[in-house]
Amino acid sequence: MKDLIIPDGIHGPKLSDMGTPAKKGAPVTLVIDGMDVTVPEGTSVMRAAAEAGITVPKLCATDMLEAYGSCRLCVVEIEGMRGTPASCTTPVRDGMVVKTQTEQLQRLRRGVMELYISDHPLDCLTCAANGDCELQDMAGAVGLREVRYAPGQNHVETRAAEGPNPLYIPRDDSNPYFFYDPSKCIVCMRCVRACEEVQGTFALTVDGRGFDARISTGTDDFLNSDCVSCGACVQACPTATLQEKTVEEIGTPERAIITTCAYCGVGCSFEAQMRGDQLVRMVPWKDGKANRGHSCVKGRFAWGYANHGDRILHPMIRESITDAWREVSWEEALDFAAKGIKAAQAKHGKDSVGVITSSRCTNEETFLVQKLARAVMGTNNTDTCARVCHSPTGYGLKQTFGTSAGTQDFDSVEQVDCAVVIGANPTDGHPVFGSRLRKRLRQGAGLIVIDPRRIDLLESVHMGEGIHLPLRPGTNVAVLTALAHVIVTEKLYDEAFIRERCDWEEWSDYAEFAADPAHSPEAVEALIGVPAETLRQAARTYAAAPNGAIYYGLGVTEHSQGSTTVIAIANLAMMTGNIGRPGVGVNPLRGQNNVQGSCDMGSFPHELPGYRHVSDDAARAVFETEWHTTLDPEPGLRIPNMLDAAVAGDFKAIYIQGEDILQSDPDTHHVAAGLAAMDCVIVHDLFLNETARYAHVFLPGSTFLEKDGTFTNAERRINMVRKVMAPKAGLADWEATQALANALGAGWSYTHPSQIMAEIARTTPSFAGVTYELIDRIGSVQWPCNETHPQGSPVMHEDGFVRGKGRFIRTAYVATEERTGPRFPLLLTTGRILSQYNVGAQTRRTENSVWHDQDLLEIHPHDAEQRGINEGDWVRLASRSGETSLRATITDRVSPGVVYTTFHHPDTQANVVTTDNSDWATNCPEYKVTAVQVALSNGPSDWQELYEAQTKLTRRVEAAE
Amino acid sequence: MNPDKLAHMANQIARFFESQPGDQAQAVADHINANWAPAMRDTFLAHHAGQDLHPLVSAALPEIRGKG
Ligand code: SF4
Ligand code: SF4
Ligand code: SF4
Ligand code: FES
């Protein structure tokens with residue numbers, strides 16, 4: 001087993017708590033209980049003691065939060081200081097002499113504990129936190145043996161002498177994942193501070209003062225408050241006041257395994273806390289370098305889908321998609337699949353088949369799937385759903401910097417002075433990064449948001465003024481070129497950096513291009529819908545910041561000019577010298593957990609692992625030697641091309657791992673037609689997803705809890721995924737792919753994913769130093785990891801760009817063909833929300849649906865009024881591709897002329913409406929701009945009803961004998 | 001594969017390169033050769049007559065690799 005068991009994982013994180021956060025500073029030496037301790041300046045006495053292995057009793061302190069000093073349990077004696085200072089709020093000084101345990105201290109601490117316990121229920125034996133409660137631990141630690149106060153006023157009893165106890169507040173169970181039981185609260189304020197300092201939501205407050213003080217959401221209950229259910233308060237709470245319901249149901253965990261969240265591109269590290277092989281809870285790992293002990297509602301709580309009754313646990317086959325599914329053995333299913341692939345190739349040529357890799361599966365699994373295509377099927381027809389989100393990042397960053405990756409780690413945000421967020425909604429899409437950014441904004445960093453919609457980040461509590469550029473969807477390039485225009489013409493660029501690091505001639509060409517008055521803010525303001533002065537102010541703010549960092553999302557890439565926009569972003573970063581050190585950079589926020597990894601692993605039809613073009617003879621030779629075969633030097637088909645080819649009758653069989661192209665890809669009708677034209681569609685997934693309605697073979701998938709492997713997050717960080725339970729369907733996904741390859745005659749014999757990683761390292765220079773042993777040892781590693789960077793690379797392009805000189809490329813605005821007109825006067829743009837994930841296959845199968853049970857269409861009050869639409873009405877949303885129906889919500893977050901929806905629910909069928917327009921360089925679909933019309937309707941569209949009926953027909957499984 | 005769609009894709013590529021310095025037609029051809037599967041290029045070359053092609057695409061035609 002390669003499981004990493006944390007030393008005192010039995011107790012969970014609560015006891016391995018250093019009391020106050022780590023500090024950076026000059027070394028300071030002091031004496032604690034006769035021991036010399038050296039710690040950085042600014043460290044608390046409490047933490048210094050903990051470093052020396054001495055635990056000072058504490059209640060209100062925890063190392064996730066700044067010290068607060070309210071409980072006075074942590075008092076110590078310090079020579080030369082009067083009284084007994086609190087060790088959590090007292091910083092160390094050179095030569096200090098501290099005693100943590102004396103008779104006086106013992107007496108004081110017992111007094112404190114006695115007061116706490118006098119207003120606390122004594123039902124420890126049946127309490128959900130029994131064994132995991134700091135109050136209980138501290139009572140033991142201070143030697144509390146009696147409570148001398150007579151029962152009186154309290155918050156514990158439901159009844160007082162005369163009728164109901166007015167101080168008693170009943171338990172709040174409204175949140176599906178944790179409860180709040182005020183009778184157990186000791187008002188340590190850890191939850192309130194966690195919500196503020198760690199999460200940045202400010203959902204909790206204290207009502208009343210002194211003995212009457214109570215924690216409150218300011219509303220009826222947690223569910224109806226600002227709470228986003230991140231769980232930071234639950235993790236911080238020292239008692240059973242805020243507690244996971246699973247702990248109450250199952251009991252306290254007895255061991256923990258470090259693993260990685262399988263939802264978004266932040267890639268949070270978690271302790272999977274287990275009892276036997278039952279998962280009790282997920283607790284974000286404090287040493288996780290992407291998340292530093294924080295998480296969002298998805299990673300911490302929404303893992304119930306792993307046990308959902310909809311999961312398919314047996315392979316299934318059928319001759320025709322109108323037949324019912326037949327459950328069969330793995331062998332029979334694989335044999336059937338292999339025959340389908342071979343038949344297609346025999347009849348229609350080797351390029352009539354292909355694969356789609358998953359950006360949800362591990363690096364190792366993705367590597368195998370593309371290897372299956374290239375080495376076993378003999379075709380470069382491999383693509384990934386990263387195509388539909390970040391392929392323009394690949395093109396744009398490769399052209400300008402030389403490699404397709406974000407330049408920073410997430411820690412870098414702590415040094416940002418001006419954050420530019422373009423086409424991303426971090427508080428919903430990348431919540432833990434959103435929280436980390438908000439923390440920096442509270443410290444005074446500036447914020448520029450370029451997005452058609454007023455995103456929540458602009459409403460962060462305690463941040464300064466943010467600049468919002470609410471551009472018309474589809475005009476990103478015009479906006480960014482106008483920013484460049486200002487920087488060039490006002491001479492705000494960093495000439496020294498450009499001279500040293502970039503090609504001067506290309507820069508001169510670009511500067512001349514950008515300086516053209518046609519690109520000035522004044523010239524484009526009418527087109528983009530943002531005042532010229534705001535644009536100028538934004539350009540000046542970014543250029544003036546000592547550290548300016550750009551974070552961008554799908555609102556950049558999913559456009560017909562997605563690649564050009566990425567180039568424009570890279571240009572801005574280079575001309576302002578914002579590359580190559582902490583606090584700056586160009587940071588794509590990746591949607592799914594392993595988008596970065598699936599791109600790195602050679603999923604694209606034109607690139608071998610490590611972004612080397614298939615026509616590169618040297619790169620091909622490496623793999624030909626490793627795989628004992630010859631590889632095709634010509635690029636293969638991309639997903640949309642495969643579908644086109646299928647409709648034309650040239651493409652007959654496909655193996656799709658962990659993706660649902662029918663729901664996630666644009667222009668549903670076209671995808672359906674393509675799939676329907678194939679003879680053998682093999683779907684490998686957890687659930688009978690939408691694509692599976694066109695499948696002939698269904699291979700049951702495994703969740704991230706059921707396999708070993710690695711994910712690579714948006715900061716190029718390779719994180720370990722560790723198996724915490726056996727695969728429910730018998731095979732982990734990499735084993736199933738291997739079995740399919742072997743059914744096609746491959747003869748593979750991997751017995752553990754670490755062997756696949758070894759093969760990746762042997763063949764891919766940027767992974768040369770990556771081993772499981774290294775990741776186990778240092779927790780995670782950011783590629784490039786090789787001889788020059790044996791521990792990986794937090795910041796890229798430090799001394800020079802990967803391609804040598806940074807390259808400026810002209811970015812002319814080309815209007816999308818998706819234009820509004822009389823029939824379709826509004827622009828639809830799409831996005832995602834916090835509680836649901838992508839097409840929702842997992843999150844819809846968890847309690848997260850209490851926050852988002854349907855997709856809604858956001859429409860501006862002005863547009864709604866013109867159409868007679870009221871809040872909650874059913875509306876028809878139509879484009880030239882198709883139409884669907886959903887309910888409307890009226891908000892001025894969107895500008896007039898723009899409507900917005902999410903795409904988490906299959907019934908909504910938002911992609912029936914999106915068109916097949918795509919990025920010029922990569923064919924990444926243009927999800928973010930569709931011309932539409934909206935009108936009142938009576939309910940679901942004909943297509944939705946037909947689809948519903950068809951769902952029933954194509955999902956039948958024959959009763960088992 | 002639908003020749004209209006391929007022509008449309010080629011035109012989109014040309015509209016990016018029309019503002020770039022250097023040999024624009026060569027750049028269009030290079031992009032197509034590097035990113036389109038041979039089957040797509042063949043279909044495109046076989047059916048380009050009659051399509052409404054961007055002048056740069058027409059200029060790039062001789063450089064687009066068809067069946068070798
Ligand atoms: S709910 Fe928990 S963390 Fe919050 S004040 Fe009460 S005891 Fe402290
Ligand atoms: S779950 Fe998160 S958002 Fe909700 S109250 Fe707790 S810390 Fe705040
Ligand atoms: S969904 Fe993203 S932010 Fe939330 S826990 Fe998972 S990796 Fe972290
Ligand atoms: S732990 Fe120091 S005052 Fe509470």
Side-chain angles (χ1 to χ4, degrees), chain A residues 349 351-352 354 379-381 391 395 399 477 481 505-506 508-510 512-513 516 560-561 563-564 567 604-607 613-616 632-638 640-651 670 809-817 916-923, chain B:
Chain A
D351 290 321
S352 63
T379 174
N380 283 326
N381 291 340
S391 50
Y395 181 82
Q399 293 296 319
V477 170
T481 307
E505 239 174 72
E506 280 159 358
S508 310
D509 176 72
Y510 185 73
E512 192 191 313
F513 163 82
D516 185 334
S560 60
Q561 277 201 292
S563 292
T564 318
I567 292 170
F604 289 134
H606 65 295
E607 277 172 344
H613 199 271
V614 288
S615 64
D616 175 343
D632 187 343
E634 289 284 1
L637 297 167
R638 306 160 175 174
N641 315 138
M642 291 183 201
L643 295 167
D644 290 343
V647 172
D650 305 328
F651 189 91
H670 181 64
I809 300 174
R810 292 189 184 190
T811 51
Y813 168 70
V814 177
T816 166
E817 284 154 39
D916 63 358
N917 278 358
S918 66
D919 174 46
W920 67 268
T922 66
N923 284 153
Chain B
M1 235 156 302
N2 182 339
D4 299 348
K5 217 160 162 179
L6 292 169
H8 179 258
M9 282 162 58
N11 287 345
Q12 259 189 303
I13 294 166
R15 272 195 302 277
F16 174 79
F17 286 105
E18 71 186 3
S19 62
Q20 301 300 323
D23 186 340
Q24 300 170 337
Q26 187 62 49
V28 170
D30 287 349
H31 187 90
I32 289 176
N33 288 332
N35 292 286
W36 289 17
M40 295 164 68
R41 302 195 303 253
D42 286 343
T43 311
F44 174 63
L45 291 174
H47 297 97
H48 71 81
Q51 294 285 354
D52 191 6
L53 294 183
H54 188 288
L56 272 183
V57 177
S58 306
L61 284 172
E63 297 301 322
I64 296 175
R65 273 200 321 273
K67 276 199 190 78

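In what follows, chains carry the letters A, B, and so on, assigned in the order in which the sequence lines appear, proteins first and then strands, with residues in each chain numbered from 1.
A:W920 and B:H31 have their aromatic ring centers within a separation under 6.0 angstrom.
Under a 3.5 Å cut-off, the side chain of B:Q20 and the backbone N or O of A:I809 do not form any donor-acceptor pair. With B:Q12 contributing its side chain and A:S918 its backbone, the two residues share a donor-acceptor pair below 3.5 Å.
Contacts between A:T922 and chain B at a heavy-atom distance below 4.5 Å are absent for every atom of the residue. For a residue to count as touching a neighbouring chain, one of its non-hydrogen atoms must lie under 4.5 Å from one of that chain's; by this rule A:D919 touches chain B with the backbone only. Interface residue A:D650: only side-chain heavy atoms are found under 4.5 Å from chain B. For A:Y510, no part lies under 4.5 angstrom from a heavy atom of chain B.
In this structure, B:Q26 places its CD atom where more than 12 heavy-atom neighbours from other residues, nucleotides or ligands lie under 6.0 Å away.
Among A:G636, A:G649, A:A646, the residue making the largest number of heavy-atom pairs under 4.5 Å with chain B is A:G636. The most heavy-atom pairs under 4.5 Å with chain B, out of A:E506, A:R810, A:H613, come from A:R810.
Once rounded to the nearest 0.5 Å, the distance linking CD of A:Q561 with CZ of B:R15 reads 9.5 Å. Note that CE of B:M9 is 8.0 Å distant from CG of A:D644, once rounded to the nearest 0.5 Å.
Annotation: residues 32-49 of chain B contacts chain A through B:N33, B:A34, B:N35, B:W36, B:A37, B:P38, B:M40, B:R41 [non-hydrogen atoms, separation under 4.5 Å].
At a threshold of 4.5 Å between non-hydrogen side-chain atoms, the residues A:V814 and B:F16 do not count as touching.
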